[in-house]
Amino acid sequence: MPKPNSSTDFIRAIVEEDMRTNKWGGKVHTRFPPEPNGYLHIGHAKSICLNFGIAQQYDGLCNLRFDDTNPVKEEQEYIDAIKEDIRWLGFDWEDREYYASDYFHQLYDWAVQMIRAGQAYVCDLDPEQTREYRGTLTESGKNSPYRDRSVEENLNLFERMKAGEFPDGTRTLRAKIDMAAANLNLRDPVMYRIIHANHHRTGDEWCIYPMYDFTHGQSDSIEGITHSICTLEFENHRPLYDWYIEALGIYHPQQIEFARLNLTYTVMSKRRLLELVEEKLVSGWDDPRMPTVCGLRRRGYSPAAIRNFCKVIGVAKMDSTIDIQLLEHCLREDLNKHSNRVMAAMRPLKLVIDNYPEDLVEEMEATNNPNDPSAGTRTVPFSRELYIERDDFREDPPKKFFRLGPGREVRLRYGYFVTCTDFIKDEKTGEITEIHCTYDPQTRGGESPPDGRKVKGTIHWVSAAHAKRAEVRLYDHLFTKDNPNDVPEEGDFKDNLNPNSLEILSDCLVEPSLATAAVGDRFQFERQGYFCVDPNSTSKKLVFNRTVSLRDSWAKIEKKGE
RNA sequence: UGGGGAAUAGUGUAACGGCAGCACGAGUGACUCUGAAUCACUUAGUCUAGGUUCAAAUCCUAGUUCCCCAACCA
């Protein structure tokens, strides 16, 4: 039961009120109803967390139901992916896996029942005529000339539609409601249309398929759903949802609408995501830059981070756009707790410790996770020749730069204090190619020296002889605009694609403990960010994705100085 | 010239006639073997105009702005 002091969103408030008044006999039963015509994205995750979360919280159930009423768009591939994603997010529909297509026979019988009751008729208008007859937002429509056919004729025609006698688009079954209704959904909506297409589950059994509106509420009703939660754009459909259920005289669930999730620098419509995939602007549905659940998974997001995000953003009816930084905050919060630290030089710069013995290799003890003592320690080999991060050396360091520069001393994490004595520069390119240092043997393990000397900076490193080579893929927002759909006249959201959303670093060096990392493993590369092993990774060639960078206050300082 | 919704710090989200709170962001400082994390502090809000009331984000009236709807998509 809800905690006494936690505030509840408006949907949970409705559920609690219904429990209090015993409206549904104390029962809570929700459903998540995806159409299998695309991959799930983080907006669906919000809905999944809401529907499954409410069921969990109030000792109810949540069904998984595929809304598969349009055979031309739906595929088994999507069904499999959707199921995998929901499970990965941590939710379980047990044996309650349903399909709207399971109800095709029942829906057909209900359609016949409505024809008999004079509530439905077969209409011979083609799609264009249907639109003309419907009227506009401000003008009422006019009745179809076929509206007053006899019950017998309607029964006969509908039967023949089902038998496949008519080509696609030539006839529909329509509900007889009101062509003058202010809500266009009530102007004799189409219940059934003719589609001679193979359905992924029912095969060629049907050539007429029910519309969403004639399917969804009845499916909810059949399954005994109490709270049918959907997004705002279905608010206009609620009167029709209610109308069908009343006309049929069946159990009546309550539809409740909430605002869908929008994220800055992200597009969230399945249509647009499909476009990116089909035009190969991303590598696929699971491209780590995609807001799809599989994309986030490959990127290195944890289910817990996504769940917490969905909790933190709340549920309301106001259209809103969540700052992507909140998602990243939730991500870092979880990864910080659970990721082991390792060292990696992404843009390696050679560092030689001139006074360190040539053949000596020391095994330095390193903490796996300073925020989680149970994560233990590991050893990292240290030797005379190392690689550090190129960013950690400046030939001419600006003020407040705490890292390495000529004559400067820094700590090598878990290693020694080193002082830069010299550096080699390629005069042609201006590139620094090598740094020379001396070390202080009294600072082993990174300990401060007895003389109380302090350094401001600690930098990471890998041993040249022991490091493993790796490819690292750095990701940035897929779009340059916080609202990618904000385009000038005649523009396209794809005009806002960020050309630098992927940067591949192929000559990175990582500490040897990473040689055995498995696909999906997550790490913090110290001082840089969170990374995970990409499915492309092999023992020959390690590949990491940067999930998210660490917060970087030095970058802010430096930017301000510009 | 229709109908349905929604308006609270920069972004989200609470407060259900009785002290406008929380989170993220941003800023400042402390601490630090990660310029991370952590900790402390600061910043900033009720769409507008009237009205009811001892008291209004909340109730009433009128406006303004934004979103959705004219697929045989969902």
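Order of the sequence lines fixes the chain letters, A, B, ..., with proteins taken first and strands second; residue numbering starts at 1 for each chain.
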Base, sugar-phosphate alone, or nothing: which one does [X] contact when heavy atoms must sit under 4.0 Å apart?
| X | result |
| --- | --- |
| V455(A) | nothing |
| Y192(A) | nothing |
| L326(A) | sugar-phosphate |
| F214(A) | nothing |
| E526(A) | base |
| L125(A) | base |
| L550(A) | base |
| E139(A) | nothing |
| H460(A) | nothing |
| T69(A) | sugar-phosphate |
| I557(A) | base |
| E447(A) | base |

Working for salt bridge (Lys or Arg N to Asp or Glu O under 4.0 Å), residues E35(A) and K73(A) | CA-CA 9 Å; E35(A) 185 191 10; K73(A) 287 190 178 174; 5.7 Å; no

Do [X] and [Y] have their ring centres less than 6.0 Å from each other?
| X | Y | value |
| --- | --- | --- |
| Y265(A) | F479(A) | no |
| W554(A) | F402(A) | no |
| Y192(A) | Y209(A) | no |
| Y212(A) | F234(A) | yes |

If we call it a pair only when both distances are under 3.5 Å in a Watson-Crick or G-U wobble match, what pairs with [N]?
| N | result |
| --- | --- |
| U1(B) | none |
| U8(B) | none |
| U38(B) | A30(B) |
| A57(B) | none |
| C72(B) | none |
| A20(B) | none |
| A44(B) | none |

[X] side-chain N/O to [N] phosphate OP1/OP2 under 4.0 Å:
| X | N | result |
| --- | --- | --- |
| K560(A) | U28(B) | yes |
| S320(A) | U13(B) | yes |
| R134(A) | C72(B) | yes |
| K556(A) | G27(B) | yes |
| R332(A) | A36(B) | no |
| R551(A) | A26(B) | yes |
| S140(A) | G2(B) | no |
| S553(A) | A36(B) | yes |
| R193(A) | A74(B) | yes |
| R527(A) | G35(B) | yes |

Please pick, from [options], the nucleotide with the shortest atom-to-atom distance to any side-chain atom of [X].
| X | options | result |
| --- | --- | --- |
| L184(A) | G2(B), G35(B), U34(B) | G2(B) |
| M211(A) | A70(B), A23(B), A71(B) | A71(B) |
| T130(A) | A6(B), G2(B), C72(B) | C72(B) |
| A316(A) | A14(B), U1(B), C69(B) | A14(B) |
| D319(A) | G5(B), G25(B), G35(B) | G5(B) |
| P127(A) | G5(B), C73(B), C72(B) | C72(B) |
| I195(A) | C73(B), G35(B), A74(B) | C73(B) |
| D126(A) | G2(B), U34(B), C72(B) | C72(B) |
| E35(A) | C73(B), G35(B), A6(B) | C73(B) |

In terms of ring plane angle, is the pair H216(A) and Y241(A) parallel, tilted or perpendicular, where the classes change at 30° and 60°?
->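 H216(A) and Y241(A): tilted rings.
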
Gap between atoms CD and P, on E233(A) and C67(B) respectively (whole Å) |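 These atoms are roughly 15 Å apart.
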
Within this structure, what is the NE2-to-C1' distance between H199(A) and C73(B), rounded to whole angstrom?
->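 Atom NE2 in H199(A) sits about 14 Å away from atom C1' in C73(B).
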
Main-chain N/O of A344(A) paired with H460(A) side-chain donor or acceptor, under 3.5 Å =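 Yes, H460(A) side chain to A344(A) backbone: donor-acceptor pair under 3.5 Å.
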
With rounding to whole Å, what would you report as the distance between [N] and [M] at their [atom1] atoms?
| N | M | atom1 | value |
| --- | --- | --- | --- |
| C19(B) | A56(B) | C1' | 14 Å |
| G3(B) | U11(B) | P | 31 Å |
| A20(B) | G45(B) | P | 14 Å |

Answer with yes or no whether [X] presents, from its side chain, a donor or acceptor under 3.5 Å of a partner atom in the base of [N].
| X | N | value |
| --- | --- | --- |
| R238(A) | G4(B) | no |
| Q325(A) | U11(B) | no |
| N236(A) | G5(B) | no |

More 5' along RNA chain B: R413(A) or E235(A), using each one's nearest nucleotide?
->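 Between the two, 5'-proximity favours E235(A).
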
Pair R403(A) + E389(A): basic N to acidic O under 4.0 Å =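 Looking at E389(A) together with R403(A), the answer is no, because their closest N to O distance does not fall below 4.0 Å.
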
Distance-only side-chain donor-acceptor flag, T377(A) / E365(A), under 3.5 Å |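 The answer is yes; a qualifying pair exists.
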
State, without any angle test, whether T547(A) and R522(A) hold a side-chain donor-acceptor pair at a distance under 3.5 Å.
->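 Distance-only check fails for T547(A) and R522(A).
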
Using the purine O4'-C1'-N9-C4 or pyrimidine O4'-C1'-N1-C2 torsion, is A71(B) syn (within 90° of 0) or anti?
->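 Base orientation: syn.
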
